[in-house]
Amino acid sequence: MSDVLILLGSHSDLIITEKGQEILREFKVSYDLRIASAHRSPAFVEGLVSAFEKQGGKVIICVAGMSAHLAGVVAAQTNLPVLAVPVANAATAGLDALLSMSQMPAGIPVATMTLGKAGFTNGALFAIQIIATNDKILSDELIRYRKAQTTQVLESDSKNRVIFEG
Ligand code: RP5
């Protein structure tokens with residue numbers, strides 16, 4: 001049983017998921033990553049979403065590029081929270097996918113992250129935050145994660161500070 005279902009529209013999207021997968025593992029949040037296209041394998045997408053709901057899954061992250069319908073199609077089939085991560089392509093730098101995912105009609109919400117690696121990293125963290133609303137250990141881990149992140153910025157500041165006194 002997995003808490004998070006990650007759906008990728010294509011194997012070519014896998015490259016943006018590395019850091020986010022690392023974070024899910026660091027937080028020990030179980031996930032199942034599948035390749036399933038809204039256009040090329042619609043029935044397979046439907047089956048995966050329905051099976052994930054039945055097994056008690058909590059959050060779905062959809063990653064797709066170009067005319068990115070995956071997240072919207074998935075959100076239409078479930079009341080689970082659906083997070084969307086658009087992937088860039090050479091022709092439009094991903095603006096097509098970003099707009100497609102964020103322009104959902106009222107009634108079927110999708111939480112769209114930014115493009116690419118940063119988007120998937122935030123998608124993973126957002127999924128963890130959703131699960132943490134009902135999990136004190138995870139919530140404490142998130143506090144620790146944020147503190148470590150702040151410490152890194154402060155260290156970077158002290159290493160890179162430049163004072164020019166004219
Ligand atoms: C989308 O089309 C996928 O999510 C991918 O980002 C894009 C291109 O897919 P491939 O042609 O690389 O399989 O469905």
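Numbering starts at 1 and runs along the sequence shown. Given the structure is predicted, the values throughout are model-derived calculations rather than measurements. Heavy atoms only: backbone and side chains are in, while hydrogens, waters and symmetry mates are out. In listed order, ligands and their atoms are each counted from 1.
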Engineer: Is Glu141 paired with Lys136 through a side-chain N to carboxylate O contact shorter than 4.0 Å?
Structural biologist: no

Engineer: Near ligand 1, which residues have a heavy atom under 4.0 Å away from one of its atoms?
Structural biologist: Gly9, Ser10, Ser12, Asp13, Arg40, Ala64, Gly65, Met66

Engineer: Could you list the residues that satisfy side chain to side chain donor-acceptor pair (under 3.5 Å) with Arg34, not counting sequence neighbours?
Structural biologist: none

Engineer: What I want to check is whether the side chains of Thr151 and Lys147 have a donor and an acceptor closer together than 3.5 Å.
Structural biologist: no

Engineer: State, with a plain yes or no, whether a side-chain heavy atom of Ser37 is found less than 4.5 Å away from one of Leu70.
Structural biologist: no

Engineer: Show me the pairs that pass side chain to side chain donor-acceptor pair (under 3.5 Å) and involve residues 13-22, at least two apart or across chains.
Structural biologist: Thr17-Gln21, Gln21-Tyr31

Engineer: Who are the ring-ring contact (aromatic ring centres under 6.0 Å, His included) partners of Phe126, not counting sequence neighbours?
Structural biologist: none

